[in-house]
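Heads up: the structure comes next, in structure tokens.
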Amino acid sequence: MRRYWTSRDGVLVLPALALFAAVYLYPLSRLGLLSLFDPTFTVKHYRVLFREPAYLTALENTLTLSVSVTAIALALAYPLAYLMTTVSARTRSILTAFVLVPFWTSILVRTFAWLVILGKNGLVNQTLLALGVVTAPVPLIHNQVGVEIGMVHVLLPFMVLPLYSVMAGIDTNLLNAARSLGAPPIQVFLRVFFPLSLPGVHAGCLLVFLSAVGYYITPALLGGPRQITIAMLIDLVVNDLLNWGFGATLAILLLTAVIVLLVVLTSALGLGRMLRPTGAL
Amino acid sequence: MKRRDFLKVAGATAMAVGPFAHARPAKADKGELVVVSWGGSLAKAQRKAFFEEFEKQSGYTIKEDTPPAPAKIKAMVESGNVTWDVIETDMAAILGLVKDKLLEPIDYSKIDKAILDNIAAPIKHPNAVGSRVWSFNIVYNTKAFPTGQHPKSWADVWDGKKFPGGRTLNFGGGVAPQLEVALLADGVPRDKLYPIDTERAWKSMSRVRPYVTKWYSSHSEAIQLITAGEAAVSCTIGPRATAAKREGAPVDVDYHEGKLGADHWCLIKGLRNRELAMQFINFALAPQRQAILSREVPYGPSNRKAFDQMSAKDAKDLTSYPDNEKLQFWWDVKWWGEIGSDGKTNREREAERYAAWMLNTK
């Protein structure tokens with residue numbers, strides 16, 4: 001078996017490790033300490049956290065929202081990424097541009113655009129009313145649907161790009177081999193293409209999910225009371241109430257929940273495979 | 001944009017802003033005074049009303065910064081790297097800053113007596129003096145309710161059957177929950193609001209809840225929701241509605257039972273030039289300066305004498321104009337700042353309860 005790590009690699013990785021420690025591990029440990037010292041050692045912030053069910057409700061809101069956004073993004077991105085691998089180079093560059101353009105627009109602008117499009121007197125409702133599909137405006141914002149639309153739009157590139165890069169690397173000879181052995185298209189997809197695309201699915205889902213748990217602006221503008229996320233509460237507690245100890249506690253709660261969730265998913269779905277070097281990549 | 005202001009503030013502000021704030025040489029000879037306010041159209045008006053003339057008269061340069069985020073002030077004072085001098089912000093924020101001892105007292109002996117006598121008592125706080133007056137009012141969409149048939153009391157706003165249409169009330173965004181408004185809607189007279197009967201107020205809040213289509217997080221959002229017809233009526237900043245109305249938006253404001261409050265000038269703890277800062281505040285409270293500001297943005301002057309310098313038409317549009325002021329009540333900052341046996345101010349306790357109330361009752 002080939003050795004993937006040599007001592008020389010270890011030296012090369014040191015600057016990155018130092019940067020990671022300085023800009024991530026150090027502030028993170030300060031955050032942990034802030035939640036436990038106010039000014040002397042105390043667990044009062046954690047006691048409040050578990051005594052008051054509201055904070056766990058916000059955590060639940062955050063996680064369910066992130067899961068549903070990830071699932072919708074995957075459902076939309078998978079066929080799109082597949083399409084990108086089958087079309088001509090010219091069409092592909094046009095599709096890539098469509099995926100990337102929203103990437104370069106401010107998230108605030110994008111979110112406000114959705115308010116205009118999905119609002120009670122917005123484009124979508126005006127069209128539906130004019131066509132006689134509905135008799136009263138459909139509530140598309142200030143609820144779960146609105147937040148999902150807004151967040152999926154913002155996060156879609158994070159799903160499409162890893163999926164495309166993995167799919168583009170799949171050896172088409174393998175698909176041809178399956179066909180020549182008599183596999184119908186559905187079998188070729190389910191037993192050859194889909195398993196080979198899984199590293200892209202894993203990477204895309206991780207990126208989208210981890211970005212989604214920290215979302216603040218989109219749920220605040222497009223959501224209702226049921227879409228109050230942990231990030232919104234952290235904003236309230238840190239910026240308005242200046243209770244940094246409790247803000248840190250909420251941040252640690254979110255971090256812990258995400259780590260636990262990822263560890264469970266990794267072992268349950270075999271996500272760890274993507275972290276190991278494989279021949280396919 | 002994820003607002004991880006926390007990390008941003010703890011790390012970036014303390015380290016980065018400090019050393020670089022002085023990198024640019026000041027324009028005038030004597031030095032600079034850093035004034036922090038909310039930016040946008042207000043900043044333009046303030047430059048015209050206060051900054052330009054003060055620079056000319058004093059020889060100092062005024063450097064503007066924004067926004068006056070309490071978390072930023074806290075990080076600045078605690079890191080010992082104070083680069084701001086004068087801050088304009090609202091009382092909700094000031095209460096938190098006073099509790100954490102992040103502000104210097106206002107030296108009232110440095111303010112002209114003629115000015116002080118014309119500033120309303122509720123906006124003269126030991127650590128802050130009123131700079132411009134706003135109010136929480138009944139703000140409505142004129143297509144949903146033609147003026148005259150609109151809700152004229154908070155009881156009307158709470159009555160979703162008599163006045164159908166969505167409501168939008170504030171959640172977060174630097175303001176305490178509108179418990180006074182909830183009590184007025186429940187029939188408590190204006191002069192019996194304080195000390196607030198919180199249990200009664202929250203019960204009243206639960207009654208309006210079914211009619212609320214959106215809990216807004218900023219006042220510009222509230223005006224946008226009313227203008228677009230997403231909601232029919234709101235409890236939000238009246239002067240912002242007046243500004244939108246001037247631009248032709250289908251909104252109007254009713255001053256009945258409005259809650260008057262103000263933004264205040266205050267001094268950050270450890271500022272460099274206290275003397276100069278007080279000189280600026282005194283200058284900015286003069287009636288002719290305030291009249292210029294109110295012409296640019298329709299906030300009420302904190303100095304009543306400023307009305308004498310305006311046309312009657314302009315004056316009547318402003319929330320602190322005597323005819324409008326008498327329909328309203330002053331927000332009692334004292335009650336909200338009182339510290340209970342749990343070590344929390346009433347504002348802190350009720351704001352936390354607000355979050356719980358919002359999340360627990362579905």
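Proteins get letters first, then strands, A, B, ... in listed order; numbering begins at 1 in each.
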**Request:** Write down the atom of A:Ala54, the atom of B:Ala356, and the distance for their closest heavy-atom approach.
**Result:** CB-CA, 3.5 Å

**Prompt:** Most heavy-atom pairs under 4.5 angstrom with chain B, which of A:Gly224, A:Pro53, A:Gly122?
**Reply:** A:Pro53

**Prompt:** Where on A:Leu233 is there a heavy atom nearer than 4.5 Å to chain B: the side chain, the backbone, both, or neither?
**Reply:** side chain

**Message:** Show the nearest heavy-atom pair for residues B:Ala71 and A:Val238, with the distance to one decimal.
**Reply:** CB-O, 4.1 Å

**Asked** Under 3.5 Å, is there a donor-acceptor pair between the side chain of A:Lys120 and the main chain of B:Gly229?
**Response** yes

**Prompt:** Who wins among A:Gly119, A:Pro139, A:Pro137 for the most heavy-atom pairs under 4.5 Å with chain B?
**Reply:** A:Gly119

**Request:** Identify which part of A:Ile141 has an atom lying under 4.5 Å from any heavy atom of chain B, answering side chain, backbone, both or neither.
**Result:** side chain

**Request:** Could you look at B:Glu230 and say if it's the side chain, the backbone, both or neither that has a heavy atom under 4.5 Å from chain A?
**Result:** both

**Message:** With a 4.5 angstrom heavy-atom cut-off, is it the side chain or the backbone of A:Asn143 that approaches chain B, or both, or neither?
**Reply:** neither

**Fill in**
Rounded to the nearest 0.5 Å, the CG atom of A:Leu241 sits from the CG atom of B:Leu95 at a distance of 11.5 Å

**Asked** Under a 4.5 Å heavy-atom cutoff, which of A:Val48, A:Asn121, A:Asn243 has the most pairs with chain B?
**Response** A:Asn121

**Complete:** Minimal heavy-atom distance between A:Pro225 and B:Trp215, with the atoms involved, is CG-CD1, 3.6 Å

**Asked** So B:Leu225 and A:His142, side-chain contact (heavy atoms from CB on, under 4.5 Å) or not? Walk me through it.
**Response** CA-CA 11 Å; B:Leu225 289 165; A:His142 307 149; 3.4 Å; yes

